[in-house]
Student: 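This is the structure I want to talk about, given as structure tokens.
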Amino acid sequence: MSVKDSPDRRDGATGAVDPAMVEAYAADCATLMIRRVRTASMCALIPILASAVLNPFVFDTRIRERLLTHAVQAGICVLAVAASYVRHMQKRAEVLALLLICAINTSMFWSLSLSGQDMDVLVSLVGGVLLLVPTVFPWGPRTQTIASLYGAGGYLLVLPRALLGGTRFYNVVLSLAFAVSTSIVSAYVLDRHRRNTFYERERVASLAHQRELLIDAGRLLNSTLALPELVGLVTDLGQRLTGARAVALALLDSRPLAFRVVATASSTWMSTNMDSPVFARNVDEVFCDLLVRDGMMRGPSPAVAVPRIDGVTDATSTLYVAVQREEALLGAPVQGHDLLEP
């Protein structure tokens, strides 16, 4: 038994998406979300402070309440930045960003309600925030729906309907409906684009990594003629190239329908023993005939019993590849995959 270094492997995004890649995408979005929370909060302080300076010159009523609103908004931004450095909140970056948006909207509703007669014009501020949010925070349509409905619903709750005529109120509702629907659709499109781009980037990186492994494999295989070392290299390189959880090389033994497991490899270890006492279990003649005919087989199969190798065939899916000379079966590399379609 020998221990080997784990390569920096990446799985491609062809066919079924690897759960590890889904987790990697979620982690990437969480990291980006935290950075966006910090950036958005710090950048928001600039217009908040500028508005606080200009308010006494623009408005002549309820100056104290308006300045207090700006102080609350600044406090929310500072608190969001501080929370983004808490490890517990970093794991819930999307929740933190949603709380930031809802808190800012709540304070903005109060600020806008101080100018009740102009709220049909000021609805553009709420609509602008709703449309801006999905371009800043990398979340999907579900979270955006919560943020949009909260923003639109909160604005309608503080809307002084008695001060607005029927047509002005209708325009407000129409503007909010357009902003809500557009923001949700935008979140869906952007999230899908980000996800596909991430998977494609990982797939390209995986192909480049496999190309490097193929070059290394050619060099290693050409550097030795010793059969035990060659068998170990074939198994080890097969595991690296396919990304399988474990790979075993089973050679046809002198006994009929007996496959001796001469090498096994995973991402962290490799074992080679040409005189190994380990044999594949449940070897069937029909399986051998089908393997020779088709060149490969997937297991588990409802049509035929497949050989069992501990530590390899207990994976979600197993791939058997025939090693043959003309019509004679010599053995089979056996790959254990965690995905249904390796």
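FYI, side chains are in, hydrogens and waters are out, and symmetry mates aren't considered; it's all heavy atoms of this structure.
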Student: With a 4.5 Å cut-off on side-chain heavy-atom distances among I, L, V, M, F, W and Y, is there a chain of contacts connecting Ile146 to Tyr155?
Tutor: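 Yes, Ile146 and Tyr155 fall within the same hydrophobic cluster.
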Student: Kindly give the heavy-atom pair with the smallest separation between Ile309 and Ala248, and that separation in Å.
Tutor: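 So the minimum-distance heavy-atom pair works out to CD1-CB, 4.2 Å.
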Student: Can you find a pair of side-chain heavy atoms, one from Ile184 and one from Tyr188, that are under 4.5 Å apart?
Tutor: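 Ile184 vs Tyr188: side chains apart.
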Student: Are Val286 and Val292 linked, directly or through other ILVMFWY residues, by side chains that come within less than 4.5 angstrom of each other?
Tutor: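 Yes, same cluster.
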Student: Using the rule that Ile, Leu, Val, Met, Phe, Trp and Tyr join whenever any side-chain heavy atoms are under 4.5 Å apart, tell me whether Phe198 and Val204 fall into a single cluster.
Tutor: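 Unlinked, Phe198 and Val204 end up in two clusters.
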Student: How many angstroms lie between atom CG of Leu98 and atom CD of Gln144, to the nearest 0.5 angstrom?
Tutor: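 If we round to the nearest 0.5 Å, Leu98:CG and Gln144:CD are 9.0 Å apart.
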Student: Check each of Thr106, Thr145, Asn105 against Tyr150 using the side-chain hydrogen bond (donor to acceptor under 3.5 Å, both in side chains) test, and report the only one that passes.
Tutor: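 Answer after filtering Thr106, Thr145, Asn105: Thr106.
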Student: Mind checking whether Cys77 and Ile104 have side chains closer than 4.5 Å, heavy atoms only?
Tutor: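 In short, these two side chains touch, coming nearer than 4.5 Å.
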Student: Just wondering, do Asp289 and Arg293 contact through their side chains at under 4.5 Å, heavy atoms?
Tutor: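 Arg293 does not reach Asp289 side chain to side chain.
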Student: Do the non-hydrogen side-chain atoms of Ile76 and Leu100 ever get within less than 4.5 Å of each other?
Tutor: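 Side chain of Ile76 against side chain of Leu100, heavy atoms only: contact under 4.5 Å found.
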Student: At their closest point, which heavy atom of Ala97 faces which heavy atom of Met33, and how far apart are they?
Tutor: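 Heavy atoms only, the tightest pair is CB-SD, 3.9 Å.
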Student: Side chains of Val247 and Leu249, heavy atoms from C-beta outward: is any pair under 4.5 Å?
Tutor: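 Side-chain contact under 4.5 Å: no.
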Student: Just wondering, are more than 12 heavy atoms of other shown residues or ligands nearer than 6.0 Å to CZ in Arg192?
Tutor: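 For Arg192, atom CZ is not crowded (no more than 12 foreign heavy atoms under 6.0 Å).
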Student: Keeping Ser181 on the side-chain end and Phe178 on the backbone end, is there a donor-acceptor pair under 3.5 Å?
Tutor: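 Yes; judged by distance alone, with no hydrogens or angles, the pair exists.
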Student: To the nearest 0.5 Å, tell me how far Arg201 CZ sits from Asn196 CG.
Tutor: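 Here the interatomic distance stands at 12.0 Å.
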Student: Just wondering, are more than 12 heavy atoms of other shown residues or ligands nearer than 6.0 Å to CE in Met42?
Tutor: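 No.
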Student: Say you draw a straight line from CG of Leu125 to CZ of Phe109; how long is it, rounded to the nearest 0.5 Å?
Tutor: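 Answer rounded to 0.5 Å: 11.0 Å.
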Student: Say you draw a straight line from CD of Gln73 to CG of Leu49; how long is it, rounded to the nearest 0.5 Å?
Tutor: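 Rounded to the nearest 0.5 Å, the CD-CG separation comes out at 10.5 Å.
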Student: To the nearest 0.5 angstrom, please state how far the CD atom of Gln335 sits from the CE atom of Met296.
Tutor: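 So the CD of Gln335 and the CE of Met296 are separated by 8.0 Å.
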Student: With rounding to the nearest 0.5 angstrom, report the CG to CD distance, Leu99 to Glu94.
Tutor: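 The distance works out to 11.0 Å.
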Student: Looking at side-chain heavy atoms only, is the closest gap between Ser186 and Thr135 below 4.5 Å?
Tutor: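 No, every pair of side-chain atoms sits at 4.5 Å or beyond.
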Student: Could you tell me whether the side chain of Ser111 and the main chain of Ser107 form a donor-acceptor pair under 3.5 Å?
Tutor: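 No; zero donor-acceptor contacts below 3.5 Å.
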Student: Is there a path of hydrophobic side-chain contacts, each under 4.5 Å between heavy atoms of I/L/V/M/F/W/Y residues, joining Leu132 to Leu45?
Tutor: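 Not linked; separate clusters.
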Student: Main chain of Pro47, side chain of Ser51: is a donor-acceptor contact present, judged purely on distance under 3.5 Å?
Tutor: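 Here the side-chain-to-backbone pair does not exist.
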Student: Determine yes or no for a side-chain-to-main-chain donor-acceptor pair under 3.5 angstrom, with Tyr25 supplying the side chain and Tyr199 the backbone.
Tutor: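 Flag not set: sc Tyr25 to bb Tyr199 has no pair under 3.5 Å.
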Student: List the atom of Ala147, the atom of Ile101, and the distance in Å for their closest heavy-atom pair.
Tutor: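 Nearest heavy atoms, Ala147 then Ile101: CB-CG2, 4.4 Å.
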Student: Got Met108 and Val129 here, is their nearest side-chain heavy-atom distance under 4.5 Å?
Tutor: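 The answer is yes; the side chains approach within 4.5 Å.
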Student: For residues Ala52 and Leu67, report the shortest heavy-atom separation together with the two atoms involved.
Tutor: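 Closest approach of Ala52 to Leu67: O-CD2, 3.4 Å.
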Student: Verify the cluster assignment for Val86 and Val81: are they in a single hydrophobic cluster under the rule of side-chain heavy atoms below 4.5 Å apart?
Tutor: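 Not linked; separate clusters.
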Student: Any donor-acceptor pair under 3.5 Å linking the side chain of Gln90 with the backbone of Ser84?
Tutor: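 Yes: the side chain of Gln90 pairs with the backbone of Ser84.
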Student: Go through the steps to decide whether Val72 and Trp110 satisfy the test side chain to side chain contact (heavy atoms under 4.5 Å, CB included), and finish with yes or no.
Tutor: CA-CA 11 Å; Val72 171; Trp110 163 253; over 6 Å; no
Student: Taking all heavy atoms of Ser148 and all of Leu130, pick out the closest pair and write down the distance.
Tutor: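 That closest heavy-atom pairing would be CA-CD2, 3.7 Å.
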Student: Looking only at non-hydrogen atoms, find the nearest pair between Leu96 and Ala80 and report the distance.
Tutor: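 The pair with the smallest heavy-atom distance is CD2-O, 4.2 Å.
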Student: Under 6.0 Å from the ring centre and within 45 degrees of the ring axis: does the NZ or CZ of Arg38 meet both conditions for the six-membered ring of Tyr85?
Tutor: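 Geometry flag: set, cation within 6.0 Å and 45°.
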Student: Would you say that Phe137 contacts Thr143 through its side chain, given a criterion of any heavy-atom pair below 4.5 Å between the two side chains?
Tutor: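 Answer no - side chains too far apart.
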